[in-house]
A.B. asks: 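Quick one: the structure is below, and I'll ask about it shortly.
Counting convention: from 1, in listed order, for ligands and their atoms alike. All heavy atoms count here, side chains included; hydrogens, waters and symmetry mates do not.
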Amino acid sequence: MGLLSLGTPLDWADAKQLADYVRSNGVQQFLSIFYNLKDRQGEPLLWGDEIEYMVILLDEATQTAKLSLRQSEILEKLNSVTDDIANDSQSSYVKSQVPAFHPEFGRYMIESTPGVPYSAGLKELLTVEVNMRLRRNITKHHLPPNHVPITLTSFPTLGVNYPFLDPHYNPDGDASRSLFLPDQLINPHVRFPTLAANIRKRRGAKVAINVPIFFDVNTPRPFIDKTIPYDRDLFDSDSEAKNGAAKPDHIYMDAMGFGMGCSCLQLTFQACSVDEAFTVYDALAPVAPIMLALTAAAPVYRGYLADVDARWNVISAAVDDRTKEERGEVPLKHDKYRIPKSRYDSIDSYLSTSKRNRPEYNDNDLPINEDVYNELLAADIDTPLAKHIAHLFIRDPLVIFNELLNQDNKTSSDHFENIQSTNWQTLRFKPPPPQSKIGWRVEFRSMEVQLTDFENAAFSVFIVLLTRAILSFDLNFYMPISKVDVNMQTAQKRDAARAGKFFFRKNVFPKRDKTEYKFDSPRLGSIKSLDNLKNGFGGGVNEPDMNGKRTTSSDSLYSNYNTAIKPDEEMEEMSMDEIINGKEDASFPGLMGLVYAYLHSLNVDIETKCEIKKYLQFIKDRASGKYVTFATWIRDFMRSHPDYKGDSVVTAKMNYDFIIAADEIERGVRHEPSLLPPSYIGSDKLKEPSVSDLCNSVSNDPAPPKRPTPTDGLARLRGSNLYTV
Ligand code: ADP
Ligand code: MG
Ligand code: MG
Ligand code: MG
């Protein structure tokens, strides 16, 4: 891979001086892309997933499960295996389908993506699970002995005070200066330790992550964590824990690795135009917290049960480089802005210029870089997009490579990407890379990765179909963004998927008068006749595939838009079951009702629809509580373990048994009826998928999509995936 010594990152003191230089060139690069490509129309739906694995070493003799720091050698192996498959094949289709493996922040992590993005055919949705299984299969077969790739969101014993890494290192590294995590845990590419160090330096202290502890019957109150080495004296920052950074009743963590060392499931969609990308971005924003709650899979940190089920706030705090002034703890003196949120957080404003995007919905405090904003407005960028970019550009570039300082702003986007890719939000609006054929894309980033590829495929298929329903039916999910943020917090609470109430828009249809629509909700039985629904939507939803454009324009529908209704009255609090499966009184169809309606509007054979419904049924059942989230399952597993003392502590042995159980569930040798349907076939029992299986299952498609190639001359320096974690 040659990842180790590429590029020379500037010291934070030097990088800081060049922040404005990077920002002003970044804006020029954005403008160049925007003006070259803003009129690009008619791009097909392409989409792809990213799945992150933790590579875990199981030692039966000592009954321990440790994170294995062998990313470089594993990736080298995986890349040579995929090269071999591609080189051996006569078929260009097979070549194009060979999956891709990428490095991630943690040196125990691997990311995989499909070789080429999926295209629009509904049938192609049935290849998603095969594709994911193929990637897991390749990984499994090429790991060192006793290693397993597990799609786990957080590793329960990361950062405990006994060995949890293989090989073991003491936590004494200068990049993180963590009391718990050694720097050797970080991807060795110089960009990553530099990122960790510069976040700490910019903040003026180590990051401080405090997750509320889960108080069980024997958890001491107050909970003061005795495993923290409060008196260590290696770095100046060591005293922070003692001086208040570690809060009572919380699990304290102090390094980027605790957050960026979590795994997730991300989806990227190509829109047919920049406007469509805005529409998808805006509509998925309120969906992000819902899906975070429904995929919740991270209830244990540093060997303790937490009172949260999901990772989000942990990563958010793990890369929070804001100074005290920016956080509002002391008055602004040296810094420019008060910044309410970390760089890793939910989005702060909607993008569309449609009348639907009422100013009242954009009700978050939105600090913007005024210079950037004025420059964008002067260049005729619409206000919502200008605000979005100017908000991203309040951040400093964290890592600047000497070799990348001088760029041609017409052909490179590296300065822009430097800022963009270290704004880790629930949604990412991805402009096309310069001089590429790739279109405007939106990335959906809130979901936690699921244990099995059946589940990962189910969530992917659901979100893909939801985006198509949003576009075809011209749905309106707008609500005040401050309430989306409230939902983000609700989503992480223990048991949110079953017990949480989330704000959601009541009437999502394009016309205001709800009585014009009659629709079935999945909870009210089968959805067979959708004529009413189609009539309500103005018809025209019978597309042959998922590339269909909507037949009505939201602006015309909204010409008599009633702005007298207050945004708060447009929403109500609903349970997960209601948001996904619809309300008992049919006043809200549920996101699944909309997806079903869309599915039924397509001319596709019954068999394909039935296969797709297996995934949708699983999502419905997860939302209704028939199946628990993995977070709930993990918590129950730990609490019912014979070694558990009711004190919130997860021991090395409990962790080992948990990893063994997780692996067995995925392989299908251990059945967990509260988690997965009886029809789930684990990877042990399923025929091993091969690349040609992918080709067989989409053999009706006319031509293989082309593998996107990086055209940016600097891409090599960046590595394929080094700008995002
Ligand atoms: P990042 O880490 O920057 O988010 P990755 O390259 O890891 O991006 O993953 C991007 C995902 O987008 C992959 O699943 C890939 O298949 C998919 N993808 C690639 N090109 C396109 C495209 N033109 N439209 C939509 N999705 C794409
Ligand atoms: Mg991504
Ligand atoms: Mg990626
Ligand atoms: Mg990733």
A.B. asks: Is the shortest side-chain N to carboxylate O distance from E666 to R136 below 4.0 Å?
C.D. replies: yes

A.B. asks: Which of the atoms of ligand 1 are close to E443, meaning less than 4.0 Å from one of its heavy atoms?
C.D. replies: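 Taking each heavy atom of E443 in turn, ligand 1 has 4 (O) under 4.0 Å.
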
A.B. asks: If you apply the rule ring pair (Phe, Tyr, Trp, His ring centres under 6.0 Å), what do you find for F34 with W440, and how did you get there?
C.D. replies: CA-CA 10 Å; F34 193 83; W440 298 92; 5.7 Å; yes

A.B. asks: Measure from the Mg ion (ligand 4) to every N/O/S atom of E52 and report the name of the nearest one.
C.D. replies: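 When I compare the N, O and S atoms of E52, OE2 is nearest to the Mg ion (ligand 4).
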
A.B. asks: Passes ring pair (Phe, Tyr, Trp, His ring centres under 6.0 Å), F618 versus F454? Steps please.
C.D. replies: CA-CA 9 Å; F618 173 71; F454 166 74; 5.2 Å; yes

A.B. asks: Below 3.5 angstrom, do we get any N/O pair linking R428 and ligand 1?
C.D. replies: no

A.B. asks: Does the N or O separation between E111 and ligand 1 drop below 3.5 Å for any pair?
C.D. replies: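 Such a contact does occur with ligand 1.
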
A.B. asks: Look at the rings of F278 and F429 and say which category their plane angle falls in: under 30° parallel, 30 to 60° tilted, over 60° perpendicular.
C.D. replies: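 Ring orientation, 0 to 90° scale: tilted.
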
A.B. asks: How long is the gap from CG on L78 to CD on Q71, to the nearest 0.5 Å?
C.D. replies: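 Those atoms lie 10.5 Å apart.
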
A.B. asks: Identify, by name, the N, O or S atom of E104 lying closest to the Mg ion (ligand 4).
C.D. replies: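 The Mg ion (ligand 4) is closest to the E104 atom OE2, counting only N, O or S.
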
A.B. asks: Which atoms of ligand 1 sit under 4.0 Å from any heavy atom of K430?
C.D. replies: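 Those qualifying, in numeric order: 1 (P), 3 (O), 4 (O), 8 (O).
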
A.B. asks: Is there a polar contact, in the sense of an N or O pair closer than 3.5 Å, between D49 and ligand 1?
C.D. replies: yes

A.B. asks: Specify whether an N/O/S atom of E50 falls short of 2.8 Å from the Mg ion (ligand 4).
C.D. replies: no

A.B. asks: Show me which atoms of ligand 1 lie under 4.0 Å from any heavy atom of P114.
C.D. replies: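 That gives atoms 14 (O), 16 (O) of ligand 1.
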
A.B. asks: Side-chain donor-acceptor pair under 3.5 Å between K341 and S346, yes or no?
C.D. replies: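 Note: K341 and S346 side chains meet the donor-acceptor criterion.
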
A.B. asks: Let me see the working for Y108 and F155 under ring pair (Phe, Tyr, Trp, His ring centres under 6.0 Å), right down to the final yes or no.
C.D. replies: CA-CA 11 Å; Y108 52 86; F155 188 71; 7.3 Å; no

A.B. asks: Between R107 and D183, is the closest basic N to carboxylate O distance under 4.0 Å?
C.D. replies: no

A.B. asks: Are any of the N or O atoms of E50 closer than 3.5 Å to those of ligand 1?
C.D. replies: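 Yes, at least one N or O pair falls under 3.5 Å.
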
A.B. asks: W47 vs Y118 aromatic rings, parallel, tilted or perpendicular, using cut-offs 30° and 60°?
C.D. replies: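 Ring orientation, 0 to 90° scale: tilted.
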
A.B. asks: Please find the N/O/S atom of E111 nearest to the Mg ion (ligand 4) and write down its name.
C.D. replies: OE1

A.B. asks: Give the atom numbers and elements of ligand 1 that come within less than 4.0 Å of a heavy atom of I438.
C.D. replies: 23 (N)

A.B. asks: Please work out, at 4.0 Å between heavy atoms, whether the side chain, the backbone, both, or neither of W47 comes within that distance of ligand 1.
C.D. replies: backbone

